[in-house]
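Here the structure comes first, spelled out in structure tokens, and everything after it is commentary.
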Amino acid sequence: MSKKIFIKTFGCQMNEYDSNRILDTVKEIGFFKTNNIDEANCYLLNTCHIRDKAKEKVYHEIGRVKKNFRFKNKPLVIVAGCVAQAENEEMLKREPYIDLVIGPQAYHKINGKIKDYLKKQKRLDETEFDAISKFNFFEKVKNSSQKISSFLTIQEGCDKFCHFCVVPYTRGPEYSRPFETIINEARILAANGVKEITLLGQNVNAYRNENYSLSNLILEIEKIPGILRIRYTTSHPKDMTDDLIETYAKSKKLMPLVHLPVQSGSNKVLELMNRKHIIEDYFKIYHKLKKINSSIKFSSDFIVGYPGENENDFNDTLDLIKEIKFINSYSFIFSPRPGTVASKLELIDRKISLNRLEKIQKELFNHQTEMNKSLENNIIDVLVENKTEERGKFFGKSEYMTSVIFNAKEEHVGKIAKVKINKSNQNTLFGEIVKNTKLKVA
Ligand code: SAM
Ligand code: SF4
Ligand code: F3S
């Protein structure tokens, strides 16, 4: 009899990709996806450790599952992802309701671990780093994603050790998957009906396999029939090589939004963070890309309130934001992570950090709202992804990753449509599909 697995995913796109690959894998031992937790025989929590009270959130979540299953048979409870990697057997000691703990590099072992557990009822921790075996295994399991827009992990781990970041400890050293296997997976995705591929890696532009780099991958994937758009995330300024920059001139399918985390506008803070780049490097990349295509836009990640950040440093970040006019960016207050260098540094006053976050977000959000407003009465290209719950309304994304809601028909799904924007707010554009019109194409 088939069993049901319910997966809840926190964290970055790589966790989302992993959750989907886990679903593809456990099918082999008879577990099928359910969106209804009440009917789950197996509950898997894919966790993130990047900020705040990550660990406590996991125990809280498991507490809720326990309550939910109070009067029912207990499901098999698995904690996966970056908190699982950081905490390993501690989790089994603290929460008897958890049956298996499995780190991100051990997902290829998940079927064996589930079978072992079901046979022996012995609680297990599997948190060794083994990216090569994991991806070798995943290659044999067909990626079943049929979404219009799908992720494809090409690289995992990080050797950069920014002083604030837990990723090198939870995802291990940098590993790049073989070029051919990525292309094969991209072909499978295209055959499944996927139209947009986002290449993923904690340091995606550090991708190196034999003589291949990220630019080679982009140019090869764009030859695959059916693929209309290519994106990649997340990149590091240090790995923004000239061949990748030139790909923006060569490629017809690479989208003109560059997500390039800068974290701070102050060279002093960048050094304290061990970011290994300075603001001048960032501007060089910016100008090179703008020269290739002036409509390229940037988005970024920012951390405010990093230990040692003073008012001048913070103002440098604000100035950078005003100059580059980032869109669709993320901003956070520094959160000390166990085991990192910065966790031992003296925190700055919480109120000051909150105030800086408010200021930075006001600047980022104002700019985003203005940019969206400037698109009203223009026609833009939208990749139509799916129907919304509202009758006749569809959802898609602009070239710059902005969400668009518009009137369309089922036949438009999976196509790039011309959409006239009528209304906008900070995060969304609203409009309707147009045919033959004399309106301006933005
Ligand atoms: N590899 C990417 C890079 O080099 O920028 C970032 C990956 S990390 C998953 C995503 C973002 O989380 C970072 O860019 C940073 O802004 C934020 N972040 C990471 N550690 C943090 C911390 N300790 N406190 C606050 N934000 C953090
Ligand atoms: Fe974390 Fe820095 Fe690596 Fe990005 S480059 S994953 S911020 S250590
Ligand atoms: Fe979180 Fe791990 Fe991703 S810590 S952001 S899930 S790499």
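Remember, it's 1-based here, ligands and their atoms both numbered in the order they're listed. Position 1 is the first residue of the sequence, and the numbers go up from there.
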Please report which non-hydrogen protein atom sits nearest to atom 9 (C) of ligand 1, along with the residue it belongs to and the distance in Å to one decimal place.
->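 Residue, atom and distance for the closest contact: Ile50 CD1, 3.7 Å.
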
To which protein heavy atom is atom 15 (C) of ligand 1 closest, and what is the distance rounded to 0.1 Å?
->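 Checking every protein heavy atom, the shortest distance to atom 15 (C) of ligand 1 gives Gln263 OE1, 3.4 Å.
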
Where ligand 3 meets [X] - atom numbers and elements under 4.0 angstrom, heavy-atom basis:
| X | value |
| --- | --- |
| Gln202 | 7 (S) |
| Asn15 | 6 (S) |
| Cys48 | 1 (Fe), 4 (S), 5 (S), 6 (S) |
| Cys82 | 2 (Fe), 4 (S), 6 (S), 7 (S) |

Could you confirm whether Cys165 has any N/O/S atom lying under 2.8 Å from atom 3 (Fe) of ligand 2?
->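 No, outside the cut-off.
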
Could you establish whether Val166 and ligand 1 come within less than 4.0 Å of each other, counting only heavy atoms on the residue side?
->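 The answer is no: ligand 1 sits nowhere under 4.0 Å from a heavy atom of Val166.
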
Measure the distances from the heavy atoms of Arg275 to every atom of ligand 2 and state whether one is below 4.0 angstrom.
->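 The answer is yes: ligand 2 sits under 4.0 Å from a heavy atom of Arg275.
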
For Asp301, is at least one N or O under 3.5 Å away from an N or O on ligand 1?
->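 Yes, since at least one N or O of Asp301 sits under 3.5 Å from an N or O of ligand 1.
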
Can you tell which part of Met14 has a heavy atom less than 4.0 Å from ligand 3: side chain, backbone, both or neither?
->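 Neither; nothing of Met14 gets under 4.0 Å from ligand 3.
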
Mind checking whether Gln202 contacts ligand 1 via backbone (N, CA, C, O), side chain (CB onward), both or neither, at a 4.0 Å heavy-atom cut-off?
->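 The part of Gln202 near ligand 1 is the backbone, not the side chain.
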
